[in-house]
Number of protein chains: 2
Amino acid sequence: MAGVSPATVSNVLTGRRVRAESAQRVKEAASSLGYAVDRAASQLRSGRARVVAMLVPSLENPFFTSIVAAVERRLRTDDHDLVVASAADDVATEHSRLQALLSWRPAGMIVIPCTDDFAGASLLAAAGTPYVVLDRVGGAHSADTVAVDNVTAGLEAARHLIDLGHRRLLIVASARTLSNIKLRCKGIVEACAAAGLEEPALIEVGFDLESAVDRLQTWLSTHERPSGIIALTNFATLGALASLARFSVSIPGEVSLVGFDDYAWMRAAAPSITAIRQPVEAMAELVWDRLRARIDGDSSPVVQAMLPVSLVIRASTARCQTGDPAAGLPGQGLRRPSRTGGRQREQGTGRGAKA
Amino acid sequence: MAGVSPATVSNVLTGRRVRAESAQRVKEAASSLGYAVDRAASQLRSGRARVVAMLVPSLENPFFTSIVAAVERRLRTDDHDLVVASAADDVATEHSRLQALLSWRPAGMIVIPCTDDFAGASLLAAAGTPYVVLDRVGGAHSADTVAVDNVTAGLEAARHLIDLGHRRLLIVASARTLSNIKLRCKGIVEACAAAGLEEPALIEVGFDLESAVDRLQTWLSTHERPSGIIALTNFATLGALASLARFSVSIPGEVSLVGFDDYAWMRAAAPSITAIRQPVEAMAELVWDRLRARIDGDSSPVVQAMLPVSLVIRASTARCQTGDPAAGLPGQGLRRPSRTGGRQREQGTGRGAKA
DNA sequence: CGGCCCACATAAAACGTTTCAAGAGCACGC
DNA sequence: GCGTGCTCTTGAAACGTTTTATGTGGGCCG
């Protein structure tokens, strides 16, 4: 020690009332020794952890990582640290990761569940850890939730296409069991009903690109081609793009496409992609606000927050080209000659050859 | 307690020699009580932390998050947890985040530094925390490093284009101060020299898409158009795509493009993108192997590992169309009529209008 | 039968903080 | 002069584990 006292050091470092002179000495000593409080000991004694745990379905999905990044940014300003775990899109893994995270005794937890009925809720309740459920807000949660207005999202996407004259829509979804997907569909169906259209077709493509492309290709070669496609996740958007490219379907000439989530590549793609943008930054802010309030003892009734999305109109949607009745024939796209060298070649090398 | 003894519980839970019967009783009690070891107390007493801290320049860049995801997967199988922090592409933030991470007394640390001379090395050395430097392996590190064979990466990309008959190449880089960028350039220059070509032009576009597009557009409208472009980061790739689209330059008809990092959208884009793929999974595995060895007391000399990349050939590269001398005139692309509705319209709405 | 070793269980100390109650010093007012 | 209140400091207890050393009982060998 340079100066005095073991407990006074703690008082200085936790910002309690200490004479300015001693505080100064302690700080000098600390910095010269390169001393930093041991979080484990600190947390053990005080019972207060400056850690927030976050459990997401996957760290491969840019939507989730962008939320993680935004949350991390928020936490940094409040001097908290972040422990992340990925559930690997698997309920069993989710459960075991949740237990691992709980053993940190985090101050609070942010969860994006794998499925609507978040089984871990009972664990969290038993541990008394405050938590907020994010994005996939399905079952009846007894905790605060933050989500996006999925119905309006679907409604706006569909209305945009309908306004452009599209009548035959296709929904590309990951899995219709997820409530946010269901709600987006609901919005689309509402918009269609309002326009006097029948309910659009829906295809489920799963959570990875390979299966999405496979299923979309078989669907497209066996069904009448839609004039407008709404993809409800970012993988679905990629899958739709890839499959349409394989069939050399021009966008937006033959098919208009509305994607979900707004990423850099959508701006750079040719054509750039019209998409529903989720307010990632606002979601992160809101979720941390709620969680911090709960950590600080707020015991008001749970709140289910819903944030608005925005439709970013780019080049992948255009006025429907009517008067081409042949376009609807099954399998048509496969036989149609492609127009650009790039697309044509893509059919051969699209799966990627290593050099 | 259901059964006996406070210390025996610890023996059971840490897997030491205990009579089978008592072990059974303890486990039952633990699961019925929902008991889980408090990591803070455990770490405090044992001095062993089952935490690995990871410091990355940004969590917005999919290359970094994909590495984080892969590392997390590895750690999970070895029953370790991950604490991440983002340096926000800023050296000062990097330093403060590093200190925050060190207060966890992590078993080890994985660092992707912001700059080549990683100033935090001294902090880590002082704390005695084993660490591995990943990806941006610039200055003389006194720690293990894991990186990619950047020279060969550049060489292969350039050779691919040269083999296709391209003579005028353009390098699009984030910042040439980074050593991995420098090495990639070196490989490209080598390949050009071997083919008797002059050194290709280079343009620095920074770390975000907006600035990349801006700078590329001004460059493209004031210089002779190259026939082949090599983009050295994923943002550079996106920037190149977006700028070429604005000028309605066809890929690969007029310009061939080799990108960096291999993402789902590159497969789905039209045309799909030929790219250098970095072995993210292998990097994560190697970095954890090295770190774990150091944690376990391995004190052999530091090793600088270098992993091979692979060139994934897709549709964005094609044989050079010679015999079009006019193509080289400055600003040409702006006046040329675009061929597809999508690209044409993109010029008007490319920046995205909210609805 | 005694001594020894083995397998297992446990008491108690220790890890590095925070916190609480109590102490020290000082000024003030009666 | 003494009690009172105030500011600042500090000794010691406590947090929940792990670990070390010690204890206990039983089997085996001489």
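Chain A is the first sequence line, chain B the second, and so forth, proteins listed ahead of strands; every chain is numbered from 1.
Between B:R39 and B:D79, the shortest heavy-atom contact is NH2-O, 4.2 Å.
With D:dT19, D:dG11, C:dC8 as the choices, the nucleotide that has an atom nearest any side-chain atom of B:N11 turns out to be D:dT19.
When atom types are taken as modelled, the side chain of A:D298 and the backbone of A:S300 share a donor-acceptor pair closer than 3.5 angstrom. A distance-only check finds no donor-acceptor pair linking the side chain of B:D81 to the backbone of B:V51 [under 3.5 Å]. Side-chain N or O atoms of A:R50 include none that pairs as donor or acceptor with a backbone N or O of A:A107 at under 3.5 Å. Of the possible donor and acceptor atoms, none in the side chain of A:Q278 sits under 3.5 Å from a partner among the backbone N and O of A:V148.
Across the protein-nucleic acid pair, A:L13 atom CG and C:dG16 atom P stand 16 Å apart, rounded to whole Å. One can place CZ of B:R39 at 11 Å from P of D:dT18, the figure rounded to the nearest angstrom. To the nearest angstrom, P of D:dG16 lies 9 Å from CZ of A:R105. In this structure, A:Q43 places its CD atom 12 Å from P of D:dG16, rounding to the nearest Å. Look at CZ on A:R50: it is 15 Å from C1' on C:dT17, rounded to the nearest Å. Atom OH of A:Y35 is separated from atom C1' of C:dG16 by 7 Å (rounded to the nearest Å). Atom-to-atom, CG of B:L33 to C1' of D:dG16 comes out at 15 Å; the value is rounded to the nearest Å. Taking atom CD on B:E21 and atom C1' on C:dA7, their separation rounds to 14 Å, with Å as the unit.
Residue B:S42 is in sugar-phosphate contact alone, with no base atom involved, counting any heavy-atom pair closer than 4.0 Å across all strands shown. Residue B:R48 is in sugar-phosphate contact alone, with no base atom involved, counting any heavy-atom pair closer than 4.0 Å across all strands shown. Within the nucleic acid shown, B:R17 comes within 4.0 Å of sugar-phosphate atoms alone, with no base atom in reach, counting heavy atoms only.
An OP1 or OP2 oxygen of D:dT9 is reached within less than 4.0 angstrom by a side-chain nitrogen or oxygen of A:R19. The side chain of A:T8 contributes an N or O atom lying less than 4.0 Å from OP1 or OP2 of D:dT10. At least one side-chain nitrogen or oxygen of B:S10 sits closer than 4.0 Å to the OP1 or OP2 atom of D:dT18. Contact annotation: B:R16 side-chain N/O to D:dT18 OP1/OP2 distance is not under 4.0 Å.
Two residues, B:L44 and A:A7, neighbour DNA chain C, and the one matched to the more 5' nucleotide by heavy-atom proximity is B:L44. Between B:V18 and B:A41, it is B:V18 whose nearest contact on DNA chain C lies nearer the 5' terminus.
Judged by distance alone with a 3.5 Å cut-off, a donor-acceptor contact links the side chain of A:R45 to the base of C:dT18.
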